[in-house]
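Read through the structure below, which is laid out as structure tokens, and then see the notes.
These values consider heavy atoms only, across backbone and side chains, with no hydrogens, waters or symmetry-generated copies.
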Amino acid sequence: GATDFDNKCTSCGHIIPDINILGKPKNRIAFIEPTGFATSFYDSKVTNNVSQQKYVPAQLPWIYTDTPLRSLPNSGLGQYRSDEQGKIFYHNSGEYGEGFAVCLECGYAASMKETDTLPTNFTEHKKLRGKKLSGKTDDFSCNPNPGRIQRNLHLGHTHHTDVFELYLKNNANQYLLQSEPQNEELCWSLGVALRYGLTQSLGINAEEVGVQVKQVKNDNLLAQPIYAICLYDTNGGGSGFATQAPLFLKEMFEGARKLLACSAHCNKACESCLLQFDTQKVADKLNRNTALQFLSDAFMQQVGLQPDDQLLGPDSKFCLYTLQEELNFYQSEENDVLQLVVGGDSTDWNISGSSLRKRLSDYLKKFSSIEIYMPADTLNQLDEDNKRDLFSILSIDGSISLHTITAPVTLNKGALISNIVNADHSKMAFATTQIEAVLLNENWGSTTGALVVKSLAFKQRLNGTLVNKNTLIPAPSPKKLSE
């Protein structure tokens with residue numbers, strides 16, 4: 001197979017292909033992706049007796065994603081990443097963890113020893129394939145020159161999959177430090193339990209989502225290495241399971257707590273809770289009681305949107321994506337009308353360069369019409385240049401209209417920025433804490449890093465007075481009649 005060289009930082013787990021990194025040798029491994037496996041034609045010790053076979057377990061996979069960090073609905077609990085194109089690296093490092101020695105003459109391979117030396121008799125072994133030596137009838141030995149022996153090669157494969165990484169804080173508002181040994185046990189136990197909560201919410205088998213705990217060093221979080229809990233789709237290429245975790249946070253944690261209660265009431269872990277087929281390798285790092293203590297009543301009350309963040313009422317749902325992404329993903333129906341709110345200080349407007357203008361053509365493909373709402377005072381404050389730019393937006397398509405708000409929708413916190421209606425009733429409303437997102441400039445609808453919620457139960461439709469777009473163009477000055 002082809003040879004790839006990847007570097008993995010032992011502090012943060014970052015995998016960067018084809019880039020040399022200065023550091024300790026253990027920060028870099030060379031691996032080959034095998035196209036198949038074979039046994040020697042000439043080795044008389046080959047047998048199909050499974051009792052004589054050595055089991056060489058694979059290492060835990062390396063997982064990497066560099067998508068932006070997002071706060072949990074309650075930022076006091078931590079942050080997360082979600083990536084549909086996360087990178088995962090499966091590998092086997094041989095019997096002793098030092099990789100394999102590979103003969104470049106015949107393809108024979110064997111595990112390097114614990115002392116990082118060649119396997120016994122590797123410099124004189126039976127050929128894996130090939131003809132016998134010239135002039136000899138029974139000599140099938142291979143005696144490669146030292147330069148034809150590749151040392152410390154690992155067997156591996158890299159592909160993409162859906163990844164969810166969770167960076168939790170404890171009750172002292174601190175991330176789970178790698179320097180505190182008990183945190184590794186806590187994260188593995190929480191990871192397995194959260195995997196159960198997610199798969200139960202999605203109605204899938206637990207084996208379809210993998211669990212990993214890794215060290216992360218991110219100065220945006222903390223200068224010291226911390227632990228991250230990773231959930232990932234085991235299916236190559238991903239199935240879209242792990243990346244749905246942010247939408248089911250409350251259900252995940254409730255399911256995790258249920259699993260940790262353990263119907264068998266074991267001391268640490270058993271088949272009724274954390275001990276499962278794919279967690280046997282980390283059985284010594286599982287302790288349901290440690291995780292159950294972490295998921296206290298006080299912690300569980302903070303999971304999900306807090307009452308103060310339920311901008312659209314008790315039925316508010318946390319939005320995984322920005323407002324612009326949510327509108328792009330929305331599955332519209334016939335006669336759906338998109339209502340958009342603009343406002344703020346008109347001196348901060350830049351209508352000609354606004355992100356709304358650039359997206360109108362996409363919205364028109366999904367919705368039967370678009371209604372733009374603004375306060376009457378804001379409209380009256382616009383200068384002639386902004387009015388002309390607004391006129392040009394309304395002239396893009398006849399299904400785009402402008403309205404001055406007659407009955408403002410007032411929220412206790414944040415602002416209503418979009419509403420999808422059909423037959424005079426609201427179907428989906430969006431609100432955000434990013435008040436500047438209503439400014440009609442290049443940042444309209446930009447809610448990155450801010451809280452965005454949506455609700456199916458918010459029934460207040462935006463109401464306003466239709467504005468004749470022609471009134472936005474100043475009337476031509478009457479020409480003086482020449483004498």
Side-chain angles (χ1 to χ4, degrees), residues 310-317 319 323-324 326-327 330-346 348-349 351 354-357 359-360 362-364 366-382 386-387 389-441 444-445 447 451-473:
Q310 295 173 2
L311 308 182
L312 297 172
D315 294 304
S316 298
K317 301 295 182 183
C319 287
L323 171 69
Q324 294 166 351
E326 289 283 347
L327 291 177
Y330 180 78
Q331 298 295 318
S332 60
E333 297 178 347
E334 187 178 1
N335 297 325
D336 277 356
V337 177
L338 176 62
Q339 298 181 328
L340 303 173
V341 179
V342 298
D345 189 347
S346 61
D348 294 326
W349 282 24
I351 299 176
S354 70
S355 58
L356 175 58
R357 181 186 181 94
R359 289 180 169 81
L360 283 176
D362 292 331
Y363 296 156
L364 287 170
K366 298 173 66 73
F367 301 97
S368 62
S369 62
I370 297 174
E371 300 175 353
I372 301 175
Y373 287 80
M374 68 168 62
D377 291 343
T378 303
L379 179 61
N380 295 332
Q381 294 170 5
L382 294 180
N386 272 327
K387 286 183 177 180
D389 289 337
L390 190 56
F391 175 85
S392 68
I393 283 183
L394 298 174
S395 300
I396 292 175
D397 191 278
S399 59
I400 303 175
S401 59
L402 177 65
H403 306 255
T404 54
I405 300 174
T406 55
V409 177
T410 304
L411 306 179
N412 293 329
K413 178 181 177 182
L416 179 71
I417 192 171
S418 180
N419 205 6
I420 299 171
V421 300
N422 194 313
D424 294 326
H425 71 274
S426 175
K427 292 181 60 180
M428 177 78 76
F430 295 91
T432 178
T433 55
Q434 186 80 319
I435 303 299
E436 295 78 8
V438 300
L439 293 172
L440 194 49
N441 56 27
W444 182 90
T447 57
L451 174 66
V452 181
V453 302
K454 58 187 175 183
S455 174
L456 294 171
F458 190 79
K459 299 302 182 183
Q460 296 186 49
R461 176 184 173 131
L462 284 166
N463 293 306
T465 302
L466 179 65
V467 177
N468 185 340
K469 70 177 181 179
N470 293 320
T471 62
L472 300 174
I473 302 298

Quick one: CG on Asp336 to CD1 on Ile370, what's the gap to the nearest 0.5 Å? 12.0 Å
Note, Leu456 side chain near Met428 side chain (heavy atom, < 4.5 Å): yes
Nearest heavy-atom neighbours spanning Ala415 and Leu411: C-CD1, 3.7 Å
Can you find a heavy atom in the side chain of Leu472 that is under 4.5 Å from one in the side chain of Leu394? yes
Least distance between heavy atoms, Ser399 atom then Ser369 atom: O-CB, 3.3 Å
Counting only pairs under 3.5 Å, give me each side-chain donor-acceptor contact of residues 429-438, with atom names and distances, residues two or more places apart or in other chains.
residue : atom : partner : partner atom : Å
Thr432  : OG1  : Gln434  : N            : 3.0
Thr432  : OG1  : Leu451  : O            : 3.0
Thr433  : OG1  : Leu451  : N            : 3.3

Taking C-beta and beyond as the side chain, do Ser392 and Arg357 meet within less than 4.5 Å on heavy atoms? yes
For Ser346 against Leu382, the heavy-atom pair lying closest together: CB-CD2, 3.7 Å
Hey, are the side chains of Leu402 and Met374 touching, using non-hydrogen atoms and a 4.5 Å cut-off? yes
Any side-chain heavy atom of Val342 sitting closer than 4.5 Å to one from Trp349? yes
Quick check for you: to the nearest 0.5 Å, what is the distance between Leu440 atom CG and Ser355 atom OG? 8.0 Å
Between atom CD1 of Ile351 and atom CG of Leu390, what is the distance when rounded to the nearest 0.5 Å? 5.0 Å
Please determine whether side chain to side chain contact (heavy atoms under 4.5 Å, CB included) holds for the pair Lys427 and Glu333, giving the CA-CA distance in whole Å, both sets of side-chain angles, and the decisive distance to 0.1 Å. CA-CA 10 Å; Lys427 292 181 60 180; Glu333 297 178 347; 3.1 Å; yes
Is Lys469 atom NZ crowded by more than 12 heavy atoms from other residues, nucleotides or ligands, each under 6.0 Å away? yes
State, to 0.1 Å, how close Pro375 and Gly343 come at their nearest heavy-atom pair, and which atoms those are. CD-CA, 4.3 Å
Indicate the atoms forming the closest heavy-atom contact of Lys366 with Leu327, along with that distance. CE-O, 3.1 Å
Inter-residue atom distance Asp397.CG - Leu364.CG, 0.5 Å rounding: 5.0 Å
Run Val453 and Phe458 through side chain to side chain contact (heavy atoms under 4.5 Å, CB included) and show every step you take. CA-CA 11 Å; Val453 302; Phe458 190 79; over 6 Å; no
In the structure I gave you, are the side-chain heavy atoms of Thr404 and Val467 within less than 4.5 Å of one another anywhere? yes
Pairwise distance OG(Ser418) to OH(Tyr363) - rounded to 0.5 angstrom: 7.5 Å
Between Asn441 and Asp348 the two heavy atoms that sit nearest each other are ND2-O, 3.0 Å
About how many Å separate CG of Leu439 and CG of Leu356, when rounded to the nearest 0.5 Å? 12.5 Å
Sequence neighbours excluded, the answer for ring-ring contact (aromatic ring centres under 6.0 Å, His included) partners of Tyr373 is His403
Flag yes if more than 12 heavy atoms outside Asn412 fall under 6.0 Å of its CG atom; otherwise flag no. no
